[in-house]
Participant: 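The structure's right below; bear with me while I get my questions together.
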Amino acid sequence: MRSTPRLAALLLLAAPLSYPGGSLAAQNPTTARLWHAVALDFDGPSGLSETSTPNPFLDFRMDVTWSGPGGRRVVVPGYYAADGDAAESGASAGTRWRALFVPDFRGDWQWAVSFVRGPGVAVQGGGTPTAFDGARGSLRVIESDKLAPDFRARGLLRQDGHRYPRFAGTGEWFLEVGTGSPENVLAYADIDGTVDRGGEVPNFLHTFQPHRPDFAAFGGGPSWRGNLGEGLLGAINYLSSRRLNSMLVMAFTGYGDGDDVWPWLDRDDPLRFDCSKLDQWQRVLDHATRRGLHVQMLLGETENESYFEVREGGGTFADSRRLYYREMAARFAHTLGLSWNLCEEIGWTMSTPYSLGTTYAQRRAFASYLKAVDPYDHPVLLHTHWNNRTGVGQNGIYDPLTDPNNPAPEVNGASLQGPYDAHRSVLERSDNESANNHAMVVRWVRRSTAAGNPWLCGSHEQMPPFWGSVTDGHERDPTHDFTRKDLLWGNLLGGGSGVLHWAGPAFRPTSGDDVTLEDFRTRQDLWRQSVVAHDLFLEHLPFHRMEPMDQLVDDPLAYCLAEPGAIYAVYRRDATGPVQLDLQGSTAEFSVRWFDPLQGGALQRGSVATVTGPGPVTLGAPPRAALRGDWLILVEQTRRRPGTGCSTASLEFDGAAETGGRLRIRFADLPTHQLRGLLFGGPTTPFDLPTGLGCTSPCRVDLRPDVWLSDVADLSLQIPGDPALIGVSFRVQGFLSRPCLEATPAYDVELLAPR
């Protein structure tokens with residue numbers, strides 16, 4: 001078997017394992033790296049193929065249980081992989097079975113395999129053990145060797161009950177900025193078995209020819225059969241080079257706008273998957289992970305919403321849907337940055353055969369099942385039609401799911417079809433969610449939070465439907481003013497989780513739309529403006545602690561995101577005339593600085609440098625008061641002292657006699673969102689950290705999310721009793737903020753006695 005570049009490196013090889021009734025397909029790895037996908041391969045029964053009876057997808061079930069440090073337990077579904085190299089060989093038959101695992105802790109892991117057979121066992125359970133059932137092994141997980149933007153340097157992107165996701169490895173918060181078009185990005189001519197069955201643009205498949213030069217120009221990628229895949233992989237390279245971090249991928253467009261993407265051999269047989277096609281999809285998604293792109297995977301669209309249930313003659317949850325979700329989880333849940341989206345415009349019944357709108361109970365059941373088969377608990381989102389006149393728009397779908405008396409924890413977010421109107425020169429802020437994107441985002445942020453289940457609220461398909469986000473320089477919106485003001489900043493200042501830009505059908509005959517877009521350079525300045533907004537949030541705002549509070553500003557066209565008494569971000573769509581911010585009861589002094597959302601750059605001083613509460617204060621005029629335009633005003637308590645560099649301090653002590661002692665470092669007056677990690681030097685033996693992680697000198701310790709400081713800046717570390725230990729130096733590094741602090745924070749150090 002030829003190895004494929006998407007799988008984890010096999011650093012050390014174990015002797016082949018033996019077990020009753022089967023043998024390993026190859027030597028499985030005994031050492032792997034943190035956050036790198038590990039493939040376990042096994043040889044199973046002979047005589048199987050994509051079309052055989054028994055059906056390898058339905059009548060067999062493989063699960064691998066992983067047990068790791070601290071009692072960690074992860075059950076990973078496996079899948080039939082034909083000959084194990086189908087992306088290259090195109091094989092439809094073979095004996096290979098595979099399970100992909102992403103270790104999230106360093107240390108020793110053990111695995112055990114369950115492999116059973118029986119009619120419908122993949123979705124109905126039960127079955128009889130066969131072949132390699134009972135196989136066992138172990139794995140030593142060491143540190144990742146990757147650097148950002150590769151997600152393997154940052155870890156699994158998790159939501160963890162917050163309205164923003166963050167990386168499990170570094171704790172960095174994540175805001176998505178990227179592309180939501182084309183939705184049928186996998187309708188790509190180089191992918192096996194991909195055909196157009198008669199969508200809105202007949203006989204069309206993507207080639208991404210304009211991005212083929214970007215394949216080599218930006219570092220290549222895991223192409224197949226020579227140079228196949230270079231167009232799509234080059235497009236991902238380009239998006240990454242523009243520092244976008246998210247893209248939308250639809251896994252099933254059958255009977256929909258494109259009618260050209262499905263994971264099966266045939267659109268009308270959802271029980272037979274195409275192994276080589278899915279292996280090639282996997283290479284594409286793995287490449288996105290390595291280039292720092294989160295993937296939102298839409299599992300269907302409104303025209304096929306009830307495809308599985310209608311095909312099976314009714315019912316509320318078809319076995320074929322369960323099989324589909326399980327196969328998608330088995331093959332793609334190892335993707336570090338992944339969100340599931342159940343369906344585009346869910347709940348909207350149309351005239352097509354499979355577009356019957358699902359019910360509230362079905363949606364909850366679908367989400368619960370997907371959570372159960374996904375070992376990594378990726379967020380599950382719902383996309384809706386925004387127009388509530390249909391009776392099934394946002395209110396009709398989302399209100400029951402955010403009922404504080406009956407919350408739906410299996411649903412993690414709203415994928416919003418946003419109503420900004422580029423026909424109008426002025427769009428006033430309104431509490432009516434159908435009036436503008438910002439008010440709509442605020443509604444669902446507040447309602448989901450009140451229900452105890454804060455949602456990710458991403459703006460993923462902007463209106464008007466004929467246009468969406470226009471191309472650079474287009475006469476309708478040449479500098480993307482409407483998109484920037486109403487969609488991008490409207491989402492972020494509303495507490496939203498980010499934006500995916502969507503291309504409307506107006507551009508189909510010229511630069512491409514949601515089905516035909518081939519060249520992402522047509523919106524290069526839009527990508528730049530999106531990254532400008534993203535960077536402002538990541539560098540200057542503890543946005544995960546801030547709430548939408550427009551009521552604090554007297555400008556009806558302004559948005560406000562605030563942590564009252566500490567920091568306020570005020571966005572003015574048109575910064576003409578004075579604006580007042582209500583500091584309420586705070587008597588502190590605040591600095592006032594301005595940021596240009598169109599051009600980006602540094603924070604600037606306007607006509608007012610500082611303000612002091614309590615009550616309303618006037619924020620003054622922007623740095624270029626004569627120029628009309630939108631501005632972001634950052635009002636921050638002066639004691640927070642954001643600056644231009646990281647603080648460094650050192651301390652000396654003799655730890656030779658303190659075997660097993662503990663070093664406690666307390667920081668005074670340090671905003672906890674700025675404490676990211678510590679740098680240590682000195683010891684020749686590993687620190688025994690509270691997280692169970694080892695570290696040799698010199699090294700960096702990034703605090704794990706489960707030990708991040710939330711209320712007090714106080715950290716204790718176990719130190720070794722090493723005679724060579726002469727001291728420890730540390731550095732406070734920005735968690736959200738680059739730069740970090742202007743001044744060294746006050747601290748005290750205590751060397752505790754051994755336990």
Side-chain angles (χ1 to χ4, degrees), residues 48-63 77-82 92 116-127 186 193-195 197 249-256 258-275 277-278 281 297-333 340-344 346-347 349-350 352-359 361-374 380 382 410:
L48 293 179
S49 73
E50 294 168 344
T51 59
S52 68
T53 302
N55 181 337
F57 309 105
L58 182 64
D59 300 326
F60 293 84
R61 180 182 179 117
M62 176 185 177
D63 292 289
Y79 60 92
Y80 176 64
S92 61
V116 297
R117 65 179 297 173
V121 69
V123 294
Q124 296 175 5
L186 294 175
T194 302
V195 297
R197 290 290 296 271
V249 170
M250 191 175 285
F252 181 28
T253 69
Y255 297 94
D259 201 3
D260 45 16
V261 179
W262 47 84
W264 310 290
L265 292 171
D266 186 89
R267 179 190 63 176
D268 297 316
D269 185 358
L271 301 180
R272 302 284 182 172
F273 293 87
D274 188 325
C275 291
K277 175 190 288 188
L278 291 178
W281 286 13
M297 180 174 280
L298 269 162
L299 296 171
E301 58 182 315
T302 190
E303 291 88 350
N304 58 43
E305 184 174 346
S306 292
Y307 167 86
F308 303 97
E309 288 70 33
V310 171
R311 284 190 56 83
E312 292 188 19
T316 59
F317 199 157
D319 279 352
S320 55
R321 182 186 293 273
R322 297 176 193 271
L323 185 65
Y324 172 46
Y325 288 176
R326 177 179 170 83
E327 187 75 14
M328 294 299 98
R331 287 184 171 270
F332 305 115
W340 305 109
N341 195 322
L342 289 185
C343 186
E344 178 224 29
I346 200 166
T349 298
M350 300 176 65
T352 52
Y354 301 117
S355 67
L356 179 66
T358 53
T359 67
Q362 283 180 293
R363 292 187 280 274
R364 290 198 63 176
F366 297 165
S368 293
Y369 182 82
L370 190 53
K371 287 280 189 182
V373 297
D374 177 358
V380 175
L382 297 181
E410 62 276 4

Participant: Going from CG on Asn304 to CE on Met350, what distance comes out if it is rounded to the nearest 0.5 angstrom?
Facilitator: 11.0 Å
Participant: Taking all non-hydrogen atoms of both residues into account, name the closest pair between Glu305 and Gly347 and its distance.
Facilitator: OE2-N, 2.7 Å
Participant: Is it true that a side-chain atom of Asp260 and a backbone atom of Val195 form a donor plus acceptor pair closer than 3.5 Å?
Facilitator: no
Participant: So Phe60 and Pro54, do their side chains get closer than 4.5 Å, heavy atoms only?
Facilitator: yes
Participant: Do Arg331 and Cys275 come within less than 4.5 Å of each other through their side chains, counting heavy atoms only?
Facilitator: yes
Participant: Could you check Asp269 against Trp264 for side chain to side chain contact (heavy atoms under 4.5 Å, CB included), going step by step and ending with a plain yes or no?
Facilitator: CA-CA 7 Å; Asp269 185 358; Trp264 310 290; 5.7 Å; no
Participant: Run the side-chain contact (heavy atoms from CB on, under 4.5 Å) test against Asp259 and tell me which residues pass, sequence neighbours left out.
Facilitator: Arg197, Trp262, Arg267
Participant: Identify the two heavy atoms, one from Ala367 and one from Leu342, that lie closest to each other, and give their separation to 0.1 Å.
Facilitator: N-CD1, 4.1 Å
Participant: For Phe252 and Tyr307, take the angle between the two ring planes, folded into 0 to 90°, and tell me which bin it lands in: parallel under 30, tilted 30 to 60, perpendicular over 60.
Facilitator: perpendicular
Participant: Please find the pair of heavy atoms, one from Lys277 and one from Asp274, that lie closest to each other, and give the distance.
Facilitator: N-OD1, 3.1 Å
Participant: Using ring pair (Phe, Tyr, Trp, His ring centres under 6.0 Å) as the criterion, point out the one residue from Phe308, Phe332, Tyr369 that pairs with Tyr324.
Facilitator: Phe308
Participant: Assess whether side chain to side chain contact (heavy atoms under 4.5 Å, CB included) is satisfied between Leu186 and Thr194, documenting all intermediate values.
Facilitator: CA-CA 8 Å; Leu186 294 175; Thr194 302; over 6 Å; no
Participant: Would you mind reporting whether Arg61 and Val121 have side-chain heavy atoms less than 4.5 Å apart?
Facilitator: yes
Participant: How many angstroms lie between atom OG of Ser92 and atom CZ of Phe273, to the nearest 0.5 angstrom?
Facilitator: 16.0 Å
Participant: Is Glu410 close to Val380 at the side-chain level, that is, under 4.5 Å between some pair of heavy atoms?
Facilitator: no
Participant: Find out whether Met328 and Leu278 are in side-chain contact, i.e. whether some heavy atom of one side chain is under 4.5 Å from a heavy atom of the other.
Facilitator: yes
Participant: Quick one: pull up CZ in Arg321 and OG1 in Thr316 and give me the separation to the nearest 0.5 Å.
Facilitator: 10.0 Å
Participant: Judged by atom type as modelled, is there a donor-acceptor pair below 3.5 Å linking the side chain of Ser306 to the main-chain atoms of Glu309?
Facilitator: no
Participant: Side chain of Thr253, backbone of Val261: donor and acceptor closer than 3.5 Å?
Facilitator: yes
Participant: Where is the tightest heavy-atom contact between Pro77 and Ala330, given as atom of each residue plus distance?
Facilitator: O-CB, 3.7 Å
Participant: Give, for atom CG of Leu58 and atom CZ of Arg326, the distance between the pair rounded to the nearest 0.5 Å.
Facilitator: 11.0 Å
Participant: State, yes or no, whether a side-chain contact exists between Tyr255 and Asp268 at a heavy-atom distance under 4.5 Å.
Facilitator: yes
Participant: What residues, two or more places apart in sequence or in another chain, satisfy salt bridge (Lys or Arg N to Asp or Glu O under 4.0 Å) together with Arg311?
Facilitator: none
Participant: Should Arg272 and Asn55 be marked as a side chain to side chain contact (heavy atoms under 4.5 Å, CB included) after you check the CA-CA gap, both sets of side-chain angles, and the distance that decides it?
Facilitator: CA-CA 8 Å; Arg272 302 284 182 172; Asn55 181 337; 3.5 Å; yes
Participant: Testing the basics here: between Ala122 and Leu323, what is the closest heavy-atom pair and its distance to 0.1 Å?
Facilitator: CB-CD1, 3.9 Å
Participant: Report yes if the side chains of Glu344 and Glu303 come closer than 4.5 Å at any heavy-atom pair, otherwise no.
Facilitator: yes
Participant: Taking only residues two or more places apart in sequence or in another chain, which ones pass ring pair (Phe, Tyr, Trp, His ring centres under 6.0 Å) with Phe366?
Facilitator: Phe317
Participant: Students often mix this up, so state it plainly: with edges at 30° and 60°, are the rings of Tyr80 and Phe57 parallel, tilted or perpendicular?
Facilitator: perpendicular
Participant: Considering non-hydrogen atoms only, spot the tightest contact between Gly357 and Thr349 and give its length.
Facilitator: N-OG1, 2.8 Å
Participant: Taking the side chain as every heavy atom from C-beta outward, state whether Ile346 and Thr358 have any atom pair closer than 4.5 Å.
Facilitator: yes
